[in-house]
Amino acid sequence: MSADKIDRHLMPERPANDRIKDFEEVAQGFSFEEAVAEAKRCIQCKNPKCVGGCPVEIDIPGFLKYLAAGDIEGAIKKIKEKNSLPAVCGRVCPQEDQCEKVCILGIKGKPVAIGALERFAADWERETKKLAGKPVSQLASEKIETGTRAYGHTGTRVAVVGSGPAGLTCAGDLARMGYKVTMFESLHLPGGVLSYGIPEFRLPKEIVKLEVEFVKSLGVELVCNALIGRTLTIEELFKQGYKAIFIGSGAGLPNQLGVPGENSQGVYFANEFLFRVNMMKAYKFPEYLTPVLMGKRVAVFGAGNVAMDAARCALRLGADKVSILYRRSRTEIPARQEEIIRAEEEGIEFTLLVAPTEIIADDKGRVKQVELLKMELGEPDASGRRRPVPVAGSEFKLDVDMVIVAIGNSPNPLIPKATPELKTEKWGGVIINNETATSIPGVFAGGDIVRGAATVISAMGDGKAAAKAIDNYLM
Ligand code: FAD
Ligand code: SF4
């Protein structure tokens with residue numbers, strides 16, 4: 001049988017009734033044999049569509065060829081030519097909408113499991129180095145081809161604001177080109193959403209930490225607790241000698257439901273809840289001193305990745321019943337398919353075609369119910385998804401003692417507010433041209449601060465494009 005006729009290998013996962021008891025990782029990764037067999041399914045297309053589907057343009061057939069031959073070191077080096085965060089991307093990127101969506105094998109069967117193989121190569125590198133007592137960042141000191149041109153050490157200073165995937169990618173690429181990069185982060189830890197948003201059971205924080213270490217090992221200086229717009233303005237950064245600035249400050253401003261009762265006790269924004277759980281290790285209370293107020297019957301509004309993460313954390317923290325409440329149908333749910341399935345397996349309930357009209361509190365101000373209105377689907381809206389239309393008179397109430405609001409985030413407003421010359425869209429996104437340049441000469445931007453809440457890999461693609469644009473600007 002030819003390799004491409006072999007069924008796609010499935011990554012093993014912990015059973016649902018085990019995994020809901022802790023925050024350990026759910027997906028377990030391929031074994032060496034599974035990874036090599038899966039890589040062998042790739043038919044090494046002459047015109048590999050998968051590469052075009054990858055926003056950071058990894059040479060996918062190139063790394064799969066190494067893997068198929070059992071050369072994992074070769075594979076990870078090939079990946080790292082373009083991607084400094086492979087263990088992260090292998091876990092959380094929506095490959096099903098990108099490289100795997102356009103993989104030729106997907107036309108008649110199942111695409112190559114590109115994401116799982118990227119994860120395998122990155123995990124192998126980490127574990128092998130750990131076993132050998134070597135720093136995981138060591139690869140950085142080996143020569144990594146940029147694939148474009150040989151860069152001298154220009155030593156020109158560039159500031160990167162934000163250490164999420166956009167900032168990390170931009171900073172890493174600029175450092176490889178020889179720039180002297182300082183990455184400013186407002187929080188006490190780097191990583192952006194990778195650290196404070198996505199939970200441990202999907203993306204272990206140790207992995208984020210090591211991938212940040214890799215970027216630092218490329219020569220990037222990291223300054224935490226530096227809130228740009230307050231600690232230092234964009235103008236002050238220029239005065240300090242930075243010749244160009246990349247803004248990758250993300251979209252951390254939660255959207256509100258806009259219904260009465262939203263300020264009741266027991267109502268959290270997903271970001272705040274997840275921040276406490278992840279960054280402040282609330283799930284390890286009292287070992288860590290941050291408590292999180294938990295309910296037994298939890299309603300989560302929204303159905304994106306953020307909502308799934310919040311719901312699954314609530315379940316692990318001891319809720320008896322967690323419901324995702326979403327105003328459209330199953331087809332329109334924006335979260336990754338595999339995360340929806342995992343949430344269902346874990347016992348999260350999905351109440352579809354409903355929207356909140358009120359959050360009802362008891363006489364002490366604590367949430368006790370939500371009032372919901374049934375919806376039906378109308379014509380498609382601007383997003384192409386069918387618009388939810390209220391069913392008149394269909395209100396009903398649901399007993400809950402905690403509400404998590406996860407209906408999207410908007411760009412962080414601080415830098416635009418502190419920088420009046422920086423042009424923004426009405427909804428807050430920083431305006432850039434085709435080359436990521438903002439309205440201020442020498443200032444570039446990308447990731448969620450430009451797109452609104454999007455994806456890790458699109459933020460990384462923007463960071464990469466901005467590094468090229470900054471290089472052109474400074475040449
Ligand atoms: P961020 O990751 O938000 O990083 C911005 C950084 O800038 C932060 O560290 C912030 O503290 C810092 N910052 C902000 N303002 C300032 C300032 N003034 N000065 C200095 N620093 C500042 N995407 C996927 O592809 N797959 C997923 O499975 C997925 N799951 C998600 C789950 C959750 C819970 C959330 C919230 C998002 C998820 N996303 C997912 C979306 C993805 O994480 C984001 O699109 C991505 O992180 C955006 O990257 P970024 O670098 O633009 O911003
Ligand atoms: Fe391999 Fe699929 Fe890419 Fe072709 S499109 S090179 S089969 S991964």
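Whatever order the structure lists them in is the order used to number ligands and atoms, beginning at 1.
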Distance col, row Ile415:CD1 vs Thr424:OG1, nearest 0.5 angstrom, shows 12.5 Å
re atom 22 (C) of ligand 1, the protein heavy-atom contact at minimum distance is Ser186 OG, 3.3 Å
Under 4.0 Å from one or more heavy atoms of Gly192, ligand 1 contributes atoms 2 (O), 4 (O), 8 (C), 9 (O)
Test side-chain hydrogen bond (donor to acceptor under 3.5 Å, both in side chains), reference Lys464, set Thr436, Asn83, Asp173, output is Asp173
| query | With a 6.0 Å cut-off on ring centres, are Phe246 and Phe444 close enough? | reply | no
When distances are taken from atom 52 (O) of ligand 1, the protein heavy atom at minimum range is Asp448 N, 2.9 Å
Note: Val456, heavy atoms under 4.0 Å from ligand 1, region reported as both
Here the atoms of ligand 1 under 4.0 Å from any heavy atom belonging to Val161 are 19 (N), 20 (C)
Is it the case that ligand 1 has an N or O less than 3.5 angstrom from some N or O of Leu187? no
| said: Between Asn409 and Leu253, does the side-chain contact (heavy atoms from CB on, under 4.5 Å) criterion hold? Intermediate values first, please. | reply: CA-CA 5 Å; Asn409 289 305; Leu253 183 69; 5.9 Å; no
Distance col, row Arg91:CZ vs Leu194:CG, nearest 0.5 angstrom, shows 12.0 Å
The answer for which part of Ile415 has a heavy atom under 4.0 Å from ligand 1 is side chain
In this structure, atom 19 (N) of ligand 1 is nearest to the protein heavy atom Ile228 N, 2.9 Å
Nearest heavy-atom approach of Ile404 to Ala314 is CD1-CB, 4.5 Å
Ligand 1 to Gly248, heavy atom cutoff 4.0 Å, flagged ligand atoms 5 (C), 6 (C), 7 (O)
**Prompt:** Is there a nitrogen or oxygen of Glu185 sitting under 3.5 Å from a nitrogen or oxygen of ligand 1?
**Reply:** yes
Heavy atom of Pro94, distance to ligand 1 below 4.0 Å = yes
Out of Thr169, Asn305, Leu194, the nearest non-hydrogen contact to atom 29 (C) of ligand 1 is supplied by Asn305
A student checking ligand 1 against Phe184 at a 4.0 Å heavy-atom cut-off should list atoms 20 (C), 21 (N)
- prompt: Does Arg202 have a heavy atom less than 4.0 Å from any atom of ligand 1?
  reply: yes
Sub-4.0 Å heavy-atom approach of Gly229 to ligand 1
no
Checking heavy-atom distances from atom 41 (C) of ligand 1 to each of Gly252, Ala454, Ala453, the winner is Ala454
Nearest non-hydrogen protein atom to atom 33 (C) of ligand 1, with distance, is Val306 CG2, 3.6 Å
Is a donor from one side chain sitting under 3.5 angstrom from an acceptor on the other, for Asn225 and Glu185? no
So is there a nitrogen or oxygen of Val92 less than 3.5 Å from a nitrogen or oxygen in ligand 1?
yes
dist Glu57:CD -> Cys50:SG (nearest 0.5 Å) comes out at 12.0 Å
task: Taking the six-membered ring for Trp and the full ring for Phe, Tyr or His, determine whether the centres of Phe23 and Tyr283 are under 6.0 Å apart.
output: yes
Check: Does the distance from a Lys or Arg side-chain N to an Asp or Glu carboxylate O, for Arg14 and Glu25, drop under 4.0 Å?
Finding: no
Item to check | Pair Glu38 + Arg8: basic N to acidic O under 4.0 Å | outcome: no
Counting only protein N, O or S atoms and ignoring waters, those under 2.8 Å from atom 2 (Fe) of ligand 2 are Cys103 SG
ask   = Any side-chain donor-acceptor pair under 3.5 Å between Tyr242 and Thr182?
value = yes
Per-atom filter on ligand 1: closer than 4.0 angstrom to a heavy atom of Ala459 are 48 (C), 49 (O), 52 (O)
In ligand 1, the atoms that come under 4.0 Å of a heavy atom of Ile198 are 29 (C), 30 (N), 31 (C), 32 (C)
min-distance protein heavy atom vs atom 51 (O) of ligand 1 -> Ala166 N, 2.9 Å
Closest to atom 53 (O) of ligand 1 among protein heavy atoms sits Gly250 CA, 3.4 Å
Salt bridge or not for Arg19 and Glu13, using N-O below 4.0 Å? yes
Ligand 1 to Leu274, heavy atom cutoff 4.0 Å, flagged ligand atoms 34 (C)
Interatomic distance, CG@Leu168 vs CE@Met183, rounded to 0.5 Å, equals 4.5 Å
CD (Glu235) and CD (Gln240) are apart, to the nearest 0.5 Å, by 12.0 Å
key: Quiz item: cation-pi between Lys80 and Phe214, 6.0 Å / 45°   = yes
Separation between SG (Cys170) and CD1 (Ile247), nearest 0.5 Å, reads 11.0 Å
For Leu227, the atoms of ligand 1 under 4.0 Å from one of its heavy atoms are 17 (C), 18 (N), 19 (N)
So, is the end of the Arg312 side chain (NZ or CZ) under 6.0 Å from the ring centre of Phe201 and within 45° of the ring's axis? no
The protein heavy atom nearest to atom 14 (C) of ligand 1 is Ser249 O, 3.1 Å
Any donor-acceptor N or O pair under 3.5 Å, side chains Asn255, Ser410: yes
Exercise for review: For the residue pair Ser323 and Arg297, confirm or rule out a side-chain donor-acceptor distance under 3.5 Å.
Suggested key: no
So for Asp309 against ligand 1, with non-hydrogen atoms under 4.0 Å, the contacting part is side chain
heavy-atom search around atom 4 (O) of ligand 1 in the protein gives Gly164 CA, 3.4 Å
_Can you tell me if Ala226 contacts ligand 1 (heavy atom of the residue under 4.0 Å from the ligand)?_
yes
